[in-house]
There are 2 protein chains.
Amino acid sequence: MKFSPSELDTARDAVIFRDLIDAEFDPVITAATLRELGDGAYYFMEEDPANTAYVLIEGKVKLTQITPDGQQVILGYLVPGRVFGIIAILKKVTYPVSAEAVGKCRALAWDRPTMNGLMEQSPRLALNALRIMAGQIREFQNRVRELSTQRVEQRVARAVLRLARQSGRKTEQGVLIDLPLSRQDLAEMTGTTLFTVSRVFKEWEKRGLVASKRQQVTILIPHGLVMIAEDLPLNVDDANLPTDSNLWV
Amino acid sequence: MKFSPSELDTARDAVIFRDLIDAEFDPVITAATLRELGDGAYYFMEEDPANTAYVLIEGKVKLTQITPDGQQVILGYLVPGRVFGIIAILKKVTYPVSAEAVGKCRALAWDRPTMNGLMEQSPRLALNALRIMAGQIREFQNRVRELSTQRVEQRVARAVLRLARQSGRKTEQGVLIDLPLSRQDLAEMTGTTLFTVSRVFKEWEKRGLVASKRQQVTILIPHGLVMIAEDLPLNVDDANLPTDSNLWV
DNA sequence: TCCACAATTTGCGCCAGCGCAAAGACGTTG
DNA sequence: CAACGTCTTTGCGCTGGCGCAAATTGTGGA
């Protein structure tokens with residue numbers, strides 16, 4: 001067997017393989033290659049010809065773009081089970097972002113001919129890919145809307161909450177974001193500067209909403225951040241509101 | 001025959017039907033319905049269940065989103081030949097944007113079962129749809145990057161140039177943007193206010209870069225706008241630079 | 001253990017862009 | 001042609017957020 005049981009499990013649960021029957025899934029795994037990268041290495045760079053699609057099995061991957069003048073923008077982080085570089089199913093396209101390993105990473109890989117062949121055998125696979133791309137469009141549209149209409153503090157709050165949902169780990173004190181996350185990183189995710197992020201965080205800490213060490217963030221009162229993200233007034237009483245409010249979709 | 005020859009031509013040239021042979025294209029047209037809307041009417045609204053995909057044949061369509069607090073954001077304008085609502089090929093999804101007719105519009109329409117059937121007959125059609133979605137992802141990623149890193153004047157310049165490429169019409173004086181385009185509209189496209197757009201335009205007019213009447217914009221010196229969009233210094237000599245510079249990709 | 005480097009905080013100055021109000025320009029309609 | 005509604009401009013005040021420099025606090029490695 002090429003892969004460990006836990007690797008197989010993660011792959012089996014990946015969104016792109018959802019609802020595949022074993023007869024469809026087995027050939028997929030058989031055709032896969034494992035690609036392991038260390039911290040800071042790149043699966044691919046923006047503008048490279050897109051020839052390989054991946055499913056992340058272990059670790060975290062950071063998606064970035066670089067502006068012409070060298071400024072970096074972080075589009076987001078991937079967690080195990082997420083597909084990336086799926087654009088490689090198309091001929092003659094380039095990756096629109098760079099994919100960088102954050103810590104040690106393992107990912108399954110398929111080149112275009114292989115993946116195309118698999119999709120022909122399994123329409124559901126192609127459909128899933130389509131659905132994922134549709135989701136990405138939606139996500140970026142929302143991102144555009146956020147950047148257009150919200151101010152920095154709200155955007156930072158949203159970014160933190162997004163990360164918490166993806167990579168959050170419950171601890172005694174609250175939800176720890178399980179990523180090395182600097183002020184600079186958050187600035188690049190929200191279109192601001194590390195200084196402004198630092199000030200925002202200091203304010204939040206003063207209010208007891210979050211705690212943070214260097215490159216590490218813990219959310220103490222998620223509800224408080226949601227209030228900020230939604231631009232709702234933050235009353236003293238809010239701490240007693242039911243936490244199952246569906247404000248956060 | 002259901003459609004006029006010019007309608008057929010526009011459809012034939014639509015990106016989504018690119019490289020289809022007649023044997024593939026004919027059933028597509030046969031299955032199409034024509035949907036005509038007047039100014040301000042909506043093909044669909046954000047959050048509606050997505051059941052119909054369209055190809056615009058005549059007129060312009062505006063794509064918008066509304067923020068929870070009622071602010072509108074313009075994602076872009078469509079011109080004849082563009083597909084929209086393509087997300088409807090998937091089951092159980094909702095439109096992520098609203099599509100509003102700007103002036104009188106005609107569009108071909110297919111419901112999901114029909115379009116899915118067509119795609120099964122014509123893999124190329126499905127592939128084109130995929131490619132279009134990939135292009136949209138790329139476009140929105142760039143938009144996010146712009147909003148994160150550029151300042152208002154640059155973003156407005158880019159928006160104007162984008163519109164000019166899509167809907168520009170050459171006149172004696174320059175390139176006329178063939179759309180009713182208010183300051184408010186530009187503000188909603190670039191994430192700023194109509195006041196700021198107004199001030200930016202006044203400045204550009206003073207410099208002779210553009211001319212504008214109410215709801216109407218003409219670019220007099222495209223190269224000048226490109227310089228602003230690229231954040232390059234605008235020297236007096238620039239007017240003499242070769243216009244085929246590949247700065248604008 | 002100590003050093004060198006990376007991340008963070010903080011003070012200070014500044015200005016791009018927002019918000020609002022009011023006035024002006026333009027089109028449209030009865 | 002008069003009156004109304006919409007779009008646009010402009011003045012004014014204000015502030016959120018940027019930029020930079022310098023101090024401070026970790027942290028990982030030699």
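A, B, ... follow the sequence lines: proteins, then strands. Residue 1 opens every chain.
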Whole angstrom is fine here: how far is it from CG in A/Leu194 over to P in C/dT10? 13 Å
Would one find a side-chain N or O of A/Arg183 under 4.0 angstrom from OP1 or OP2 of C/dT9? yes
Distance in angstrom units between A/Gln184 CD and D/dC18 C1', rounded: 14 Å
Just how far, in rounded Å, is P of C/dC15 from CZ of B/Arg151? 12 Å
Is B/Gln65 reaching over with its side chain to a backbone N or O of B/Pro96, donor-acceptor style, under 3.5 angstrom? yes
What integer distance in Å separates A/Leu186:CG from D/dC18:P? 13 Å
For the side chain of A/Val152, starting at C-beta, report the closest nucleotide among C/dG17, D/dT8, D/dG17. D/dG17
Over all strands shown, is B/Phe201 touching base, sugar-phosphate only, or nothing at heavy-atom distances under 4.0 angstrom? nothing
What is the separation between atom CZ on B/Phe195 and atom C1' on D/dT6, rounded to the nearest whole Å? 14 Å
Note: B/Arg151-B/Asp231 ion pair, threshold 4.0 Å (strictly below): no
Contact under 4.0 Å: A/Ser198 side-chain N or O vs C/dT8 OP1/OP2: no
So, is A/Arg199 close to the D/dG17 phosphate, meaning a side-chain N or O under 4.0 Å from OP1 or OP2? no
Return no unless some side-chain N or O of B/Thr192 is found under 4.0 Å from OP1 or OP2 of C/dG17. no
By nearest-heavy-atom nucleotide on DNA chain C, the more 5' of B/Thr196 and A/Lys213 is A/Lys213
Is a salt bridge present between A/Glu46 and B/Arg145, judged by a nitrogen-to-oxygen distance below 4.0 Å? yes
Under 4.0 Å between a side-chain nitrogen and a carboxylate oxygen: does that hold for B/Arg143 and A/Glu146? no
By nearest nucleotide on DNA chain D, pick out whichever of A/Thr193 and A/Arg214 is the more 5' one. A/Thr193
Counting the atoms with a prime plus P, OP1 and OP2 as sugar-phosphate, which does A/Glu153 contact under 4.0 Å by heavy atoms, base, sugar-phosphate, or nothing? nothing
Looking at B/Glu153 and B/Arg207, is any side-chain nitrogen of the basic one under 4.0 Å from a carboxylate oxygen of the acidic one? yes
Calculate the interatomic distance between B/Ile228 atom CD1 and C/dA16 atom C1'; express it in whole Å. 16 Å
Please report, rounded to the nearest Å, how far the P atom of C/dA6 is from the CG atom of A/Leu181. 19 Å
Starting from P on C/dA25, measure out to NZ on B/Lys202 and report it in whole angstrom. 10 Å
